[in-house]
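Okay, so here's the structure we're looking at.
In listed order, ligands and their atoms are each counted from 1.
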Amino acid sequence: MHDIVDLRSDTLTLPTPEMREAMARAEVGDDVWGEDPTVQRLEAMAAARLGKEAAVFVASGTMGNLVSVVAHTQAGQEVVLDLDSHIYNYEVAGGTIVGNVQMRPVQTERGFLTPDQVQESIRPSNIHIPQTGLVCLENTHNRHGGTCCTPEEIAAVAAVAHAARVPVHMDGARLFNAAVALKRDPRDFAGPVDSVTFCLSKGLGAPLGSVVCGSADFVGRARRVRKMVGGGMRQAGVVAAAGVLALDRMVDRLAEDHVNARALAEAVATLPGLSVDVETVQTNIVIIRVSRGDRARSVQATQELVAGCAARKVKIHATGPMAIRCVTHKDVDAEDTRRAIEAFRELTSRW
Ligand code: TLP
């Protein structure tokens, strides 16, 4: 049980006492010189966990996706991705600015491009038309509520892209949530794609950091781009030490977060004026839609819910005028989840 139940994001997780200890003791060196043994250990662990040749430690998921987009593409090429993807919506157009690529967002049903959509989006060879340089996938899918796509779905999309000689990058910020939820090896998801970024700083609880995995050649190029955007970190082993523990000890427990998210979703779905597509709650994200009569009243009710929950020490985040996102994580236990449900129940009881 915690004093404040913070459901705004799993990025708010605090490092465990064990992580802090490991950080204090970490063996370090200058990583730009290739001399930080703890960073090297983390990169080797990450590559092995995803079945890739190599990996590079980066400051954030955003940086991981940026260096991947730039390392895979040439200026003037096009990147095919889902309209609701994090890369397209929340990464400040980094690929466009740094990589000079054009984004080609495609509306999808569940956040996942189908093989047909990829086929239709790949540009023909024509003097007028930009070349397709990359396809990006996101798993789990943030805006669609932590939904997972299966290794088979990924393989089907990658086959179409690869047949056209287009590489595939996966934003796997929460890839381990998908692996735990679907009870599959992370390697099964990573196998069909050319690169994957995953985050240590979300459900896995590290204070910061993400890892980009791929072939040795790709990772070499990504490392250069990382340096270009100022991401060459010196004694980074201090933070990589927490990442090693995140990978080692924090993956299996993600299942608890999924149980709590389900409980929250099922309870909230029964309350007046609130709806949740419970079937989509496969991992740790719950998207709640608020509807109270007309739009104006619904928007106001959403704001009142956020404020009312805050007054009850339950922090939630409005992701749209009539939408709330709750994310469960290691610092929200079953008792905290019950408190959050109680707050929603109280606040909607007068509706
Ligand atoms: N997502 C954050 C916000 O930026 C929305 C959150 O609270 O969920 N890919 C995906 C799918 C993400 O959800 C995020 C972070 C990132 C990439 C970026 O990671 P960071 O925050 O480390 O740059």
Atom OG1 of Thr283 and atom CZ of Phe176: how far apart are they, to the nearest 0.5 Å? 14.5 Å
Could you grab the distance from atom SG of Cys136 to atom CZ of Arg104, nearest 0.5 Å is fine? 14.0 Å
State plainly whether the residues Arg262 and Glu266 are in salt-bridge range, i.e. N to O under 4.0 Å. yes
Using distance alone, decide if ligand 1 has a nitrogen or oxygen within less than 3.5 Å of any nitrogen or oxygen in Thr140. no
Quick note on ligand 1: atoms under 4.0 Å from a heavy atom of Gly61 include exactly 18 (C), 19 (O), 20 (P), 22 (O), 23 (O)
Show me which atoms of ligand 1 lie under 4.0 Å from any heavy atom of Glu138. 11 (C)
Run through Lys313, Lys315, Arg312 and flag the one making a salt bridge (Lys or Arg N to Asp or Glu O under 4.0 Å) with Asp3. Lys313
For Arg325, the atoms of ligand 1 under 4.0 Å from one of its heavy atoms are 6 (C), 7 (O), 8 (O)
Taking only non-hydrogen atoms of Ser9 and a 4.0 Å limit, the atoms of ligand 1 in range are 6 (C), 7 (O), 8 (O)
So if I count the atoms of ligand 1 from 1 in the order they appear, which ones are less than 4.0 Å from some heavy atom of Ser60? 22 (O), 23 (O)
May I ask you to identify, for Lys202, whether its side chain, its backbone, both or neither come under 4.0 Å of ligand 1 on a heavy-atom basis? side chain
Check each of Asn284, Leu254, Asp10, Thr13 against Lys330 using the side chain to side chain contact (heavy atoms under 4.5 Å, CB included) test, and report the only one that passes. Thr13
Starting from atom 3 (C) of ligand 1, which protein heavy atom do you reach first, and at what distance in Å? His86 NE2, 3.6 Å
Any heavy atom of Arg8 under 4.0 Å from ligand 1? The part involved is neither
Students often mix this up, so state it plainly: with edges at 30° and 60°, are the rings of His72 and His169 parallel, tilted or perpendicular? tilted
Could you list the atoms of ligand 1 found under 4.0 angstrom from a heavy atom of Thr62? 18 (C), 19 (O), 20 (P), 23 (O)
May I ask whether Arg174 places a heavy atom under 4.0 Å from ligand 1? yes
Identify the protein heavy atom lying closest to atom 9 (N) of ligand 1, giving its residue, its atom name and the separation to 0.1 Å. Asp171 OD2, 2.6 Å
Taking atom CZ of Arg221 as the centre, does the number of heavy atoms from other residues, nucleotides or ligands within less than 6.0 Å exceed 12? yes
Atoms in ligand 1 flagged as close to Glu91, the criterion being non-hydrogen separation under 4.0 Å: 17 (C)
Spacing of Arg184 atom CZ and Glu152 atom CD [to the nearest 0.5 Å]: 4.0 Å
Evaluate the criterion salt bridge (charged side-chain N to carboxylate O under 4.0 Å, His left out) for residue pair Asp31 and Arg226; output intermediate values, then yes/no. CA-CA 12 Å; Asp31 183 52; Arg226 183 188 68 167; 3.5 Å; yes
